[in-house]
Amino acid sequence: MSDIPDYKKGVGVAICSAGPIGTLVSWLGLLISAPSNWRDTLPSLLVVMSLSLFIGAFVAAVPAIFGVSVMAHIGRRSEGARTYTAWGLAGAFGGAIFMTQIAMLFEGADPFLSPHPFVWLMTLHGAATGALCALLARRYVRWLPEESE
């Protein structure tokens, strides 16, 4: 019996779900800012979500592999790191940091000292997407053989 956690499914789910979840988070942000035209954006949302599967998988591959494997190995040593709360917080933090760095590449701004709304929106977008992907990935990570589905 190996004490290495089984996290391959979790990595795959996190990578494949990052694009559609990110698109859905963006669409919900659009609904908050302009709630009257949600019916006009629904058909294009479905097309964009199908395309975002590939783009999101490309962007999220390295952060998802790193985040899921690190949390799985920390969970091997600590019961507290196996909780959904820990995974959600780690995903939110990791997603926020990753998307802040991406936004800074495009905006060329300091995220905490500048009032650029683009950087703040990308940080919030990354936190929401990272938390949701981490919670979904946690669902498929197993530490013991008897935990398998």
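None of these values were measured; they are calculated from a predicted model.
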ask   = For the atom pair CD1 (I102) and CD1 (I97), what is the distance rounded to the nearest 0.5 Å?
value = 12.5 Å

Results of side chain to side chain contact (heavy atoms under 4.5 Å, CB included) for A81 - residues two or more places apart only = I74, S78

Side chain to side chain contact (heavy atoms under 4.5 Å, CB included) partners of Y84, counting only residues at least two apart = L135, R138, R139

inquiry  = Looking at V25, is its backbone amide N or carbonyl O close enough to the side chain of H125 to form a donor-acceptor pair, meaning the two atoms are under 3.5 Å apart?
reply    = no

inquiry  = Can you tell me how far apart OG (S26) and CG (L45) are? Round to the nearest 0.5 Å.
reply    = 10.0 Å

ask   = Is any side-chain heavy atom of L136 less than 4.5 Å from a side-chain heavy atom of L132?
value = no

query = Which pairs with one or both residues in residues 45-62 pass side-chain hydrogen bond (donor to acceptor under 3.5 Å, both in side chains), sequence neighbours excluded?
reply = T23-S52

Nearest heavy atoms of G10 and Y140, plus distance in Å = N-CB, 3.8 Å

4.5 Å side-chain heavy-atom contact, M71 and Y7 = no

task = Could you tell me the separation between the CD1 atom of I65 and the CD1 atom of I15, rounded to the nearest 0.5 Å?
result = 4.5 Å

message = Could you walk me through whether V68 and W87 satisfy the side-chain contact (heavy atoms from CB on, under 4.5 Å) test, starting with their C-alpha distance in whole Å, then the side-chain angles of each, then the deciding distance to 0.1 Å, before giving a yes or no?
response = CA-CA 9 Å; V68 173; W87 279 70; 4.2 Å; yes

note = For R76 and W143, the nearest pair of non-hydrogen atoms, with its separation, is N-NE1, 3.3 Å

note = When every non-hydrogen atom of G126 is compared with those of M99, the smallest separation belongs to CA-CG, 3.3 Å

inquiry  = Nearest 0.5 angstrom please: T100 OG1 to L105 CG, how far?
reply    = 11.0 Å

task = Identify the two heavy atoms, one from A18 and one from C133, that lie closest to each other, and give their separation to 0.1 Å.
result = CA-SG, 3.5 Å

task = For residues A72 and V141, report the shortest heavy-atom separation together with the two atoms involved.
result = CB-CG1, 4.1 Å

task = May I ask whether M49 and L31 are part of the same hydrophobic cluster, defined by side-chain heavy atoms of I, L, V, M, F, W, Y residues being less than 4.5 angstrom apart, directly or through others?
result = yes

